[in-house]
Amino acid sequence: MNLALRDVRRHLARFVGTAAGLGLLLSVVVAMQGIYAGMVDDATILTRAMHADLWLVQRDTRGPFAEGSRLDPSVEARAAAVPGVRTARPYTYQLIQREHRGAVMRIALVGLGWPDDPGRSLPLVRGRRLQQPHGEMIVDASLGLGIGESLALAGEQYRVVGLTKNALTSGGESVAFVSVADAELIAFDQPAEAAVLERQRVVARLRRTDLGRGQPALEDLATDSRWRAPALASPPVAAVLVQADPHRIAEVREVMRSWGDVSVYSQDEEEALLLGGVVQRARMQIGLFTVILTLTAAVIIMMVMYNLTLEKTHDLAVLKLMGAPRTRLLGLILQQAWLLGALGYAVAFAMGELVFPMFPRRVLITETISLVAPVATMGIVTLASILGLTHVMRIDPSTALEG
Amino acid sequence: MEDAVRAVDLSKTYGTGPAAVKALDHVTLTIARGTVAALLGPSGSGKSTLIKALGFVSPADTGEVFFGGRLVVKDGVPLADLAALRRRHLGFVFQKANLTSFLTARENVEIACEFGGKSDGRKRARELLAYLDVAGRERSYPEMLSGGEQQRVAIARALANEPSLILADEPTAALDSVRSRSVMELFRKVAHDRGAAVLVVTHDHRALEVFDVLYEMEDGRIRPHQQERPAPAAAP
Ligand SMILES: Nc1ncnc2c1ncn2[C@@H]1O[C@H](COP(=O)(O)OP(=O)(O)OP(=O)(O)O)[C@@H](O)[C@H]1O
Ligand SMILES: [Mg+2]
């Protein structure tokens, strides 16, 4: 006769309730770990999806994600000329916030080096890569835009042609990809009012010079909108991404390191910068929180298990008096612990399937989590039953006689 | 008849120094199979302490206990697996029925059969419940049973393994006089039908004619009961 199941059957509602509570607790722990994993994964997708061997950024900066980086566009041509380099392409990165259909959209805008990189390496879930250098964009599905929809940026319409999944920054902004030229247009977009003011400033400055006073026609020239300041020289890029022959990467890196205006990072180093700088604090925070939460859950489970045992003290004393083998009584406690763990895990799993996708941040249930979670749950409930087990060992059968 | 249990010179003291209580004071006692013995005595005289020593639950400090002719406990040291002994050869009945609350009446008896190594526990449990006239309540949980029914289920449980010794500590304290008499008669029936030795602690002097032997305890010492046994016809 299985005593554990008989006891559960007698107190079914309470047992199921306990298991459900345990399940909710577990699901919070798993969610926390999933958010942590999602955060790390999201953060690195920006670097990984670019498939670059080397990242050239402004000298002595940790750009472009951890801090701003401005690189002269000529670096691209210089890098391409280094022996061993297969491709070198520009890259820009900036955060913008726009309203679209009444909702605030935060977008991390990445400029891809057209025509070398139309988004070839992006993990598209729908649609296609960029096919023209202007007016098209690939966005993350989390923005809620569909293929063919348009977004107004800098006074122009950008049509969504492709969708990615889970391309998010560490701050949770959805990433959108356009050509570098478009990214610059958007970055240096000026409202009409600002343009007028700037034009007046240029005119005023011109009028203070002899040349300006002597040649009034220059004014028209200086305020022509095509001559706006950024257009005078090509604007800087954030980084140049280099792909090299696999066996010559070190050699290429040596050459570039000697250039006075760039710092060179490998893919891994860039990823480490991103995680170390931008994600580190959030990661620590969530990591610590996860640890505390896991410990809390363990303690709560332990107390629940202990209480379940305490309640049975008298019944256990009677069984002991009847000469019940010790293994039967310990088995009763352990089996209930395992049943509780299994039910709790099932509840947590169901919760995860139903609720996690609705979270604003991605909850990434990695393979490790999905393997470790059930094992850890069973481990925790087993450990948690130790208090109860020692209680069972200590119960004095003669107390049963006292009624 | 064969001795079920024999206690020789049992002594037990609770506490130390001035607060020490001598609960058993050189108690020697033999109970033969097939007899029902009553243990009388005032509160605090050591009756429960003796039951615990004879039932291998808490041994006495000094003295010997023989079970079925074999020395099992000597000076508080067990010489055999006491839990195994309890589950195979002993039956307990308590003041309150003390059934396992999460098992039905039948399962309470069945689990005792199982502990005792009986394979046909369910069938045996049914038979015992029928023998004790509670067959109709076999699916009920203890809390749904009346006090008398609980006590009868507890006796059925005590009988599960055809024990050679049944120890009952005030089994009728919670019952009215009619029921308590019927429980006492049941013990007699069990002893005589099944050859068990039965020792019953009781305060109830109304049903003493049921017993074959009467013992009385006082201040930890035991002696045969002095009072005359009332004539059977005079009993209420
Ligand atoms: N666990 C214990 N610790 C200390 N003293 C105890 C303990 N158990 C019993 N005693 C003492 O030993 C003496 C005998 O107790 P016991 O329980 O055997 O008496 P009893 O005859 O069963 O009494 P009652 O009729 O009230 O049940 C009492 O004085 C009691 O106070
Ligand atoms: Mg007592």
Side-chain angles (χ1 to χ4, degrees), chain A residues 1-19 304-305 307-337 339-340 385 388-389 391-403, chain B residues 47-59 81-104 106-117 121-122 125 141-144 154 157-158 160-161 163 167-171 173-174 201:
Chain A
M1 196 188 309
N2 186 301
L3 292 172
L5 289 180
R6 305 282 150 145
D7 184 41
V8 169
R9 179 193 61 182
R10 184 76 183 113
H11 307 286
L12 192 61
R14 206 185 43 186
F15 192 82
V16 169
T18 307
V304 166
M305 305 281 324
N307 271 328
L308 283 180
T309 314
L310 276 190
E311 280 173 4
K312 286 195 274 287
T313 301
H314 187 69
D315 283 326
L316 292 169
V318 171
L319 290 170
K320 260 195 172 179
L321 184 75
M322 287 163 61
R326 190 172 289 175
T327 47
R328 292 291 298 269
L329 302 183
L330 297 181
L332 161 64
I333 303 299
L334 265 182
Q335 286 165 19
Q336 286 197 350
L339 190 60
L340 207 57
S385 52
L389 293 176
H391 178 71
V392 171
M393 298 296 289
R394 276 203 302 261
I395 291 175
D396 177 3
S398 71
T399 57
L401 283 170
E402 264 112 53
Chain B
K47 304 183 296 294
S48 296
T49 309
L50 181 59
I51 290 277
K52 285 179 203 167
L54 294 178
F56 310 113
V57 182
S58 353
D81 180 351
L82 299 185
L85 205 66
R86 287 201 302 269
R87 64 179 172 257
R88 295 214 189 90
H89 303 294
L90 260 64
F92 290 93
V93 184
F94 321 108
Q95 183 168 351
K96 287 195 295 175
N98 272 339
L99 297 172
T100 303
S101 64
F102 55 83
L103 298 178
T104 63
R106 195 199 70 223
E107 287 164 351
N108 261 285
V109 181
E110 204 180 325
I111 192 80
C113 293
E114 205 181 300
F115 289 162
R122 178 168 305 199
Y141 285 101
E143 66 183 34
M144 305 167 185
R157 182 180 64 183
N161 294 303
L167 298 169
D169 196 349
E170 300 181 44
V201 173

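Every chain is numbered from 1, with letters handed out A, B, ... down the list of sequences. Please read all numbers here as calculations on a predicted model, not as lab measurements. As a basis for the values below, the full set of heavy atoms in this structure was taken, side chains included, without hydrogen atoms, waters or symmetry mates.
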Look at atom CZ of A:Arg9 and say whether more than 12 heavy atoms of other residues, nucleotides or ligands are closer to it than 6.0 Å. yes
Under 4.5 Å from any heavy atom of chain A, what part of B:Phe56 do you find: side chain, backbone, both or neither? neither
What part of B:Glu110 gets within 4.5 angstrom of chain A, counting heavy atoms only: side chain, backbone, both, or neither? both
Smallest heavy-atom separation, A:Pro397 atom then B:Arg86 atom, equals CG-NH2, 4.3 Å
Side-chain touch B:Ser101/A:Lys312, heavy atoms, less than 4.5 angstrom: no
Nearest heavy-atom contact between A:Pro325 and B:Phe115 is CD-CD2, 3.7 Å
Using a 4.5 angstrom heavy-atom cutoff, name the option from B:Leu103, B:Leu90, B:Ile51 with the most pairs to chain A. B:Leu103
Chain A contacts, top residue of B:Thr104, B:Leu85, B:Val57 (heavy-atom pairs, under 4.5 Å): B:Val57
Tell me, side chain or backbone of B:Ile111 under 4.5 Å from chain A's heavy atoms, or both, or neither? both
Minimal heavy-atom distance between B:Lys52 and A:Ser398, with the atoms involved, is CD-CB, 3.8 Å
Calculate, to the nearest 0.5 Å, the distance between atoms CD and CZ belonging to A:Glu311 and B:Phe102 respectively. 11.5 Å
Side chain from CB out, backbone as N, CA, C, O: work out which of these in B:Thr100 comes under 4.5 Å of a heavy atom of chain A, or both, or neither. both
Kindly indicate, with the supporting measurements, whether the criterion salt bridge (Lys or Arg N to Asp or Glu O under 4.0 Å) is fulfilled by B:Glu143 and A:Arg10. CA-CA 12 Å; B:Glu143 66 183 34; A:Arg10 184 76 183 113; 2.9 Å; yes
Only heavy atoms, only distances under 4.5 angstrom. Which residues in residues 315-322 of chain A are near chain B? A:Asp315, A:Val318, A:Leu319, A:Lys320, A:Leu321, A:Met322
Most heavy-atom pairs under 4.5 angstrom with chain A, which of B:Arg122, B:Glu114, B:Glu170? B:Glu114
Under 4.5 Å from a heavy atom of chain B, the part of A:Arg328 involved: side chain
